[in-house]
Amino acid sequence: MHKDNGKLDRREFLKQSALTAVAFGAGLNATRVYASTKRRLSAGAANKVIVIGIDGMDPGLSERMMGQGLLPNFNRLRQAGGYTKLGTSIPPQSPVAWSNFINGAGPGTHGIFDFIHRDPQKQCAPFFSIAETVPGQGYWEMGDHKIQLDFWPFGHKLPQTLLRRQGTPFWDYLDQAGIWSHFYDLPADYPPSASKYGHHRCLSGLGTPDMLGGYGTYQHFAEDGPIRTRDEGGGRRSVIFFENHTSKPPLKLIGPTNNFLIRPEPTTIEFLVHRDLQARSAVIEIQGQKILLRQGQWSRWIKLDFDLSKPALDKHVSGICRFYLQEVAPNFRLYVSPINTDPSNPATKITEPPTFIKDISKELGLFYTTGFQEDHKALSNKVFSDAEYAAQAGMVLQERLNLLQYAMKHYDDGLLFFYFSSTDLQAHMFWWDSNEKHPTRSAAQAKHYFNHIKKLYQKLDAVVGDILNRYGDKATVFVMSDHGFANFKRQFNLNTWLRQNGYIQPAQATSVLADVDWSRTRAYGLGINGLYLNLKGRERDGIVAPGSQREELLQTLVSQLEAVRDTNGQRVIRKVHRADKVYSGQATALAPDLIVGYCRGYRASWDTCLGGMTDEILLDNDSAWSADHCADVSEVPGVLFSNKPIAARAPALVDMAPSILTEFGLNIPDSMVGKSVFKT
Amino acid sequence: MNLLAQIITWINGLTNTLGKFLLTPPIAGLSGWLSNTIISALLGPLLLIFFKYISNQSAIQRARDDMKAHMLALKLFKDSFSVTLRAPWGLFQGALRLLFHSIRPLLIMLVPVSLLLAQMGLWYQYRPLKPGEYTVVTMNLNGNSDSPWPAVTMKSTPAVELTTGPVRIFSQRQVCWEIKARQNSAEPLIFQVGDQEVEKELAIGDGFMRVSTDRPGGQWWDIFWHPAEKPFSDDSAVQSISIVYPERLSWTSGTDYWVLYFFVASLISALIFKPFLKVKI
Ligand SMILES: [Zn+2]
């Protein structure tokens with residue numbers, strides 16, 4: 001998580017929250033006043049609405065498969081008029097898209113514009129957009145430790161994590177009206193927003209960190225690993241040595257950072273590995289537990305106790321991980337999953353109310369609690385093979401199917417929202433719907449794994465069939481996705497393009513974050529789709545004057561970028577959107593100036609997202625992450641299915657919240673721009 | 001095996017019989033808190049009576065009287081300098097004498113109480129496995145790192161499924177298995193180690209069962225605290241076998257807390273009965 005991005009944002013954030021709270025109160029008075037929390041529904045209103053969010057489910061593939069009779073349940077809905085493409089967000093990134101879903105309005109209201117934002121006052125220091133960890137303030141020193149007392153008269157501030165999504169989420173209106181809502185794995189809601197009236201339960205999904213504070217860091221130990229532990233973006237690799245078949249020195253598992261120290265340090269747990277070459281097996285000894293694994297075997301979830309030393313009583317936090325013995329010989333390889341928050345004893349709040357996750361865990365035991373559960377980084381970094389990734393993603397799906405059973409068992413009425421990440425994170429790695437050469441796979445392998453995606457769609461078709469059987473005649477059922485999918489064949493380095501066209505100076509600059517001359521740089525790219533002007537009065541070292549200079553620059557950039565062609569003459573960028581045209585609302589402070597909408601097959605290059613520049617503007621994508629959706633809004637719409645005929649011509653994500661509220665007989669608040677999909 | 005270990009093994013034979021006979025009806029039949037309360041309530045006064053007969057009650061009485069006299073002296077002759085100086089010394093001496101007369105009987109009592117705790121621990125410290133649960137079985141072999149490894153196998157039984165293993169830990173001369181409980185059972189696991197056949201108790205079921213985590217080797221301390229199973233002899237290829245059992249979660253009759261509850265409950269019961277039993281402590 002980003003730890004250090006200025007007070008201005010936080011003040012702004014709090015101000016916005018206060019404003020929306022006021023607006024919320026006023027809006028309620030104006031529209032519908034409830035004397036008690038008891039529900040009053042208008043005639044004909046539903047008391048059950050089920051929304052199944054299937055991240056990244058693509059209309060093109062769905063339609064093809066429905067045509068081939070491979071998705072009978074989805075097809076049944078389509079034939080009854082309950083199918084349409086669903087317009088996505090600008091840009092079509094999951095945190096942005098799901099925030100549109102949550103607010104019933106665009107990014108101008110929720111303030112999430114990209115996975116990555118930048119702090120203009122720090123001249124484009126990047127940070128994750130969904131949540132922010134605000135460091136504590138003030139402490140007393142005691143040896144190596146700090147003591148923080150957050151009460152009068154000391155008034156120290158403890159560090160805390162804040163949800164940066166702004167505006168009023170639609171379930172607040174349900175909560176107010178006494179209508180229950182249950183969300184499982186809701187994206188863009190970490191830490192989960194608090195429920196005012198207690199009719200809301202939510203398990204945070206995408207955006208929830210692991211215990212190391214990132215989106216998931218595996219740890220890998222191998223005989224051919226690096227002598228010095230190496231970070232590799234989403235993972236760490238270390239070497240393992242054996243003496244008499246026992247690891248020596250003992251291995252170290254990195255845990256959460258101890259913030260009670262003046263110089264915070266990660267906690268570690270020492271553990272031993274014993275190998276038995278003949279049995280092709282190993283025993284892992286960690287914190288008094290023995291774990292036996294055959295080659296190729298995954299352990300169950302293992303609880304780990306991390307000791308955060310304090311001046312007085314130490315604080316113990318519980319984490320969970322799984323071990324996977326990849327190989328015993330000749331190259332011993334052991335994978336340890338990211339350390340997840342223990343759902344039976346969570347160290348941080350990942351559900352609303354906080355006890356919700358413990359209730360789930362009492363029935364289901366231990367399960368993934370991070371937002372990104374499929375370990376795509378392990379595949380990208382070649383720790384996993386394709387088959388290993390598919391197997392791990394399969395385990396994730398199975399856990400989620402168990403969670404769905406739990407969700408349905410504990411669902412009476414109100415709103416039930418359930419989210420599947422599989423279709424997104426498996427598609428990023430396995431989707432390939434063309435005959436062109438795949439970045440990492442042979443044609444046969446590419447086909448094989450694309451078939452795997454098709455099978456996944458079929459599996460979800462059966463899940464939807466089951467839900468329809470149970471609730472089809474009692475509930476309004478929506479099955480929706482936030483965006484579709486496309487091959488990611490070629491990568492476009494926006495910053496290199498800006499440099500080559502003289503917008504970034506000097507000509508030999510290598511990174512926006514390192515060696516750019518801001519006194520001569522007029523625009524830069526950051527995040528997956530964002531382009532920012534170096535605007536005077538906004539960026540610390542801004543040079544572009546607001547007014548005509550800005551206007552001229554925007555127009556030139558739009559026309560030049562839309563004219564970019566690949567070496568084979570193919571168009572690269574479908575449309576460049578101007579933020580001042582497509583965004584409106586109270587939360588536009590951090591919006592980029594332009595949003596680059598790529599054509600299918602293209603995406604921002606890996607380097608450019610964090611400001612890096614390469615020699616060439618257009619390169620082949622060489623990553624196992626070979627499909628994406630961060631294209632233009634028109635290129636990757638999502639899907640919407642319902643068991644009621646859909647009347648709207650071109651509905652979009654922002655119409656979902658208004659549709660749900662309308663189904664419950666509530667009015668659509670002014671803050672929302674969408675309308676019910678059942679009305680023309 | 002040394003003499004002490006031999007003696008403890010012999011005593012364990014006796015306490016196991018007694019333990020099974022006396023503890024099984026209350027513990028297996030009642031809820032945990034109730035059985036521990038009943039045992040503690042009975043034991044408090046029982047230990048008091050025991051104390052009465054193994055301690056020198058008249059010496060304790062004399063020490064107490066002496067202390068009382070010094071207290072009285074302090075009160076009466078507040079103004080006398082010599083008394084104020086001497087009386088606390090006398091009090092201190094009395095307290096020492098009282099301690100001296102209590103230590104011997106307390107030490108004697110420690111033996112039966114520990115034997116009882118070892119028996120009770122079989123019931124309360126861990127719970128048996130439930131069908132569907134996994135655990136790890138570890139066999140420690142005798143010998144040193146150069147000794148040859150015997151062929152070791154676990155015999156299959158309907159009660160458990162062998163899920164992984166055997167896996168050898170060469171540096172610790174251990175053999176490990178992961179097993180999954182299939183059905184309720186009190187039948188032992190049987191291992192073939194070279195040409196020797198050895199057994200290890202296993203408990204799968206609900207509620208309360210005697211759960212023996214370790215079948216010990218020749219160490220008297222291990223034998224004392226793991227009384228349920230016959231220890232391995234020194235010439236056996238196997239040194240010990242242990243099974244990991246789940247902790248029992250209860251403040252009155254669960255892992256670790258049962259001992260605390262037992263001491264507090266028996267103390268309260270002893271204090272209640274003390275006036276009726278005319279014991280001086
Ligand atoms: Zn995605």
Side-chain angles (χ1 to χ4, degrees), chain A residues 240-251 270-303 305 318 320 322-329 332 334 342 344-345 358 361-366 402, chain B residues 125-126 129-141 143-154 160-181 189 191-193 200 202 213-214 240-247 249-250 254-256:
Chain A
I240 179 169
F241 293 110
F242 285 98
E243 193 177 300
N244 195 15
H245 301 290
T246 290
S247 58
K248 197 169 181 184
L251 303 172
E270 280 199 353
F271 69 105
L272 290 176
V273 173
H274 315 280
R275 67 177 178 195
D276 184 337
L277 298 178
Q278 215 181 326
R280 296 238 142 220
S281 302
V283 179
I284 296 156
E285 262 188 292
I286 186 162
Q287 292 192 324
Q289 308 174 75
K290 274 197 185 118
I291 302 148
L292 272 65
L293 295 175
R294 288 182 305 279
Q295 181 166 297
Q297 192 183 0
W298 281 82
S299 77
R300 287 174 294 283
W301 284 107
I302 306 295
K303 279 195 193 191
D305 174 75
S318 183
I320 58 168
R322 293 182 74 167
F323 292 87
Y324 168 44
L325 180 58
Q326 291 184 283
E327 185 179 344
V328 174
F332 188 95
L334 176 70
D342 176 357
S344 68
N345 184 14
K358 289 190 187 176
S361 184
K362 258 176 220 153
E363 269 185 49
L364 298 185
L366 306 176
N402 296 345
Chain B
Q125 185 64 13
Y126 297 100
L129 292 168
K130 286 180 189 155
E133 284 182 331
Y134 295 81
T135 195
V136 172
V137 180
T138 302
M139 176 186 285
N140 282 285
L141 295 172
N144 54 41
S145 53
D146 303 328
S147 319
W149 279 73
V152 183
T153 51
M154 180 193 287
V160 299
E161 178 190 337
L162 172 60
T163 47
T164 313
V167 188
R168 291 164 296 174
I169 301 180
F170 293 92
S171 57
Q172 297 169 7
R173 277 191 80 77
Q174 289 182 341
V175 188
C176 304
W177 294 262
E178 186 196 65
I179 56 170
K180 182 182 182 185
L189 289 173
F191 303 86
Q192 190 70 42
V193 183
K200 168 75 193 80
L202 173 72
T213 57
D214 291 59
S240 64
I241 303 176
S242 64
I243 297 178
V244 178
Y245 283 95
E247 294 197 334
L249 301 173
S250 160
T255 306
D256 298 343

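Reminder, nothing fancy here: chain letters follow the sequence lines and each chain counts from 1.
The residue among A/Asn244, A/Ile291, A/Leu293, A/Thr246 with the most heavy atom pairs within less than 4.5 Å of chain B is A/Asn244.
Looking at residues two or more places apart in sequence or on another chain, you find a ring-ring contact (aromatic ring centres under 6.0 Å, His included) between A/Trp298 and A/Tyr324, A/Tyr335.
Looking at every heavy atom in both residues, B/Pro166 comes nearest to A/Ala279 through O-CB, 3.7 Å.
Contact check on B/Glu178 versus A/Arg300 returns a salt bridge, with a Lys/Arg side-chain nitrogen under 4.0 Å from an Asp/Glu carboxylate oxygen.
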Side chain to side chain contact (heavy atoms under 4.5 Å, CB included) between A/Arg275 and B/Arg168, worked out: CA-CA 8 Å; A/Arg275 67 177 178 195; B/Arg168 291 164 296 174; over 6 Å; no
Full working for side chain to side chain contact (heavy atoms under 4.5 Å, CB included) between A/Glu285 and B/Gln172: CA-CA 12 Å; A/Glu285 262 188 292; B/Gln172 297 169 7; 3.4 Å; yes
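The side chain to side chain contact (heavy atoms under 4.5 Å, CB included) test with A/Val283 is passed by exactly one of B/Ile169, B/Val175, B/Thr164: B/Ile169. With A/Lys290 as the partner, the side chain to side chain contact (heavy atoms under 4.5 Å, CB included) test is satisfied by one option alone out of B/Val136, B/Thr135, B/Val244: B/Val136.
In this structure, the portions of B/Val167 lying under 4.5 Å from any heavy atom of chain A include both its backbone and its side chain. Contacts between A/Gln297 and chain B at a heavy-atom distance below 4.5 Å involve the side chain alone, from C-beta outward.
B/Phe170 is not listed as a side-chain neighbour of A/His274, based on a closest heavy-atom distance of 4.5 Å or more.
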